[in-house]
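Taking it in order: structure first as structure tokens, then the write-up.
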Amino acid sequence: MKIALFGGTFNPIHIGHLIMAQYVLNFSQVQKVIFVPNGHPPHKIEDIADASDRFEMVKLSIEDNPYFDISDFEIKKSGPSWTIDTLEYFSSIYERVYFIIGSDNLSEIVKWYKAEEILRRYPLIVLPRERDLCAIKKEIEMLSSKFAQEISLIQMPIVDISSTEIRKLISQDKSIRYMVHPKVEEYIKRKGLYKR
């Protein structure tokens with residue numbers, strides 16, 4: 001089976017994440033998208049909901065889609081979650097593992113831990129986060145020629161919703177309706193998450 005890993009803090013998961021994952025299913029060879037919430041994100045420390053809450057919100061968002069799955073691999077790990085470790089783990093289970101990345105991270109990936117190994121061994125699926133497709137394509141060409149790995153761009157509408165904005169609205173007692181799955185909205189209210 002060919003799967004794509006969708007990693008992230010998902011703090012909280014929102015409709016944009018779900019639309020992006022569906023586009024990956026629609027326009028790639030991938031048969032399943034596996035969401036992998038970070039346990040201890042190496043670069044983010046502020047205003048993060050507990051890993052078990054973030055996991056539960058992803059689970060509630062995807063439970064009605066048989067082509068979406070979730071893994072607690074990074075949450076169960078002690079210490080930082082490094083992308084290469086996650087990719088190696090899933091490639092020991094599945095025939096082919098793709099890695100989903102936002103175009104805003106494309107120029108940063110070369111600075112990641114064991115970046116060269118990631119870029120030489122794993123195909124990337126790039127989702128646009130900004131409107132300059134020419135710049136994104138140029139970046140993809142540069143990385144492809146250097147690392148000789150499959151990097152594909154899925155052209156899709158830019159869904160300009162961010163977890164940061166959602167947390168801000170919650171802290172201001174504003175509605176996040178339509179920005180997250182209804183079950184996630186209910187879960188956030190019930191647990192009192194992101195209240196200052």
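Computed from a predicted structure; not experimentally measured. Nothing fancy with the numbering, it's 1 onward along the sequence.
- Atom CZ of Arg190 has more than 12 neighbouring heavy atoms from other residues, nucleotides or ligands inside a 6.0 Å radius.
- If you check the side chains of Gln31 and Lys2, you find no donor sitting under 3.5 Å from an acceptor.
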*Could you walk me through whether Ile34 and Ile70 pass the side-chain contact (heavy atoms from CB on, under 4.5 Å) check?*
CA-CA 5 Å; Ile34 301 178; Ile70 185 169; 5.9 Å; no
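- Residues Ile176 and Ile188 have side chains in contact (heavy-atom distance under 4.5 Å, counting atoms from C-beta outward).
- Side-chain contact between Tyr23 and Ser28: absent, with no pair of heavy atoms (C-beta onward) separated by less than 4.5 Å.
- Residues Ile154 and Val24 come closest through the heavy atom pair CD1-CA, 3.7 Å.
- With rounding to the nearest 0.5 Å, the separation of CD1 in Ile125 from CD1 in Ile151 is 11.5 Å.
- The structure places CD1 of Ile13 at 9.5 Å from NE2 of His181, a figure rounded to the nearest 0.5 Å.
- Between Pro128 and Leu153 the shortest heavy-atom distance is CD-CD1, 4.1 Å.
- Taking the six-membered ring where tryptophan is involved, the planes of Phe35 and Phe10 are tilted, since the angle between them lies from 30° to 60°.
- Outside the 6.0 Å centre-distance limit, the rings of Tyr122 and Tyr98 are not counted as a close aromatic pair.
- Across Gly39 and Ala51, no two heavy atoms sit closer than the pair O-CB, 4.5 Å.
- Two different hydrophobic clusters hold Ile158 and Leu127 under the rule that ILVMFWY side chains link at heavy-atom gaps under 4.5 Å.
- Ile15 is not listed as a side-chain neighbour of Met179, based on a closest heavy-atom distance of 4.5 Å or more.
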*asked:* Using the rule given for salt bridge (Lys or Arg N to Asp or Glu O under 4.0 Å), can you reason through Arg129 versus Asp160, listing the C-alpha separation, both sets of side-chain angles and the distance that settles it, and then say yes or no?
replied: CA-CA 8 Å; Arg129 297 296 301 271; Asp160 206 4; over 6 Å; no
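- Residue Asn65 holds its CG atom at 6.5 Å from CG of Leu25, rounded to the nearest 0.5 Å.
- Here the closest heavy-atom approach between residue Lys183 and residue Leu60 is recorded as O-CD1, 3.8 Å.
- Taking 4.0 Å as the cut-off between side-chain N and carboxylate O, Lys111 and Glu108 count as a salt-bridged pair.
- The number of heavy atoms from other shown groups lying within 6.0 Å of NZ (Lys32) is above 12.
- Using a 4.5 Å cut-off on side-chain heavy atoms (C-beta onward), Lys195 and Asp173 make contact.
- Separating the NZ atom in Lys59 from the CG atom in Asp69 is a distance of 11.0 Å, to the nearest 0.5 Å.
- Here the side chains of Phe90 and Val36 are in contact, with some heavy-atom distance below 4.5 Å.
- Atom-to-atom distance recorded for Phe99:CZ and Ile84:CD1 is 10.0 Å, nearest 0.5 angstrom.
- Side chain of Asp132 to main chain of Ala135: a donor-acceptor pair is present (N/O by atom type, distance under 3.5 Å, no hydrogens or angles).
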*Go through Ile109 and Leu124 one step at a time and tell me if the side-chain contact (heavy atoms from CB on, under 4.5 Å) criterion holds.*
CA-CA 11 Å; Ile109 195 171; Leu124 303 184; 4.1 Å; yes
*Steps toward salt bridge (Lys or Arg N to Asp or Glu O under 4.0 Å) verdict (Arg120, Glu116)*: CA-CA 6 Å; Arg120 289 200 189 284; Glu116 196 162 320; 3.2 Å; yes
*Verify side-chain contact (heavy atoms from CB on, under 4.5 Å) between Val159 and Met156, making sure each step is shown before the conclusion.*
CA-CA 9 Å; Val159 186; Met156 62 170 285; 4.2 Å; yes
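- Of all heavy-atom pairs spanning Thr86 and Phe73, the tightest one is CA-CE2, 3.5 Å.
- Listed here is the closest heavy atom pair of Ser163 and His17: OG-CE1, 3.9 Å.
- Placement of Tyr178 and Val184 in two distinct hydrophobic clusters is found when ILVMFWY residues are connected by side-chain heavy-atom separations under 4.5 Å, directly or transitively.
- Within the 4.5 Å cutoff, the side chain of Trp112 has heavy atoms near those of the Ile118 side chain.
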*asked:* With side-chain contact (heavy atoms from CB on, under 4.5 Å) as the criterion, how do Ser61 and Leu18 come out once you've worked through the C-alpha distance, each side chain's angles and the decisive distance to 0.1 Å?
replied: CA-CA 8 Å; Ser61 295; Leu18 302 175; 4.0 Å; yes
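- Of the charged side-chain nitrogens involved, at least one lies within less than 4.0 Å of a carboxylate oxygen, so that Glu150 and Arg96 count as a salt-bridged pair.
- For Glu185 and Lys189, the salt-bridge test passes: some basic side-chain N is under 4.0 Å from an acidic carboxylate O.
- Ser71 OG to Lys76 NZ: the interatomic distance, rounded to the nearest 0.5 Å, is 7.5 Å.
- Taking the six-membered ring where the residue is Trp, Tyr113 and Trp82 present tilted rings, their angle falling between 30° and 60°.
- Between Glu56 and Lys191, none of the side-chain N atoms (NZ, or NE/NH1/NH2) sits under 4.0 Å from a carboxylate O, so this pair counts as no salt bridge.
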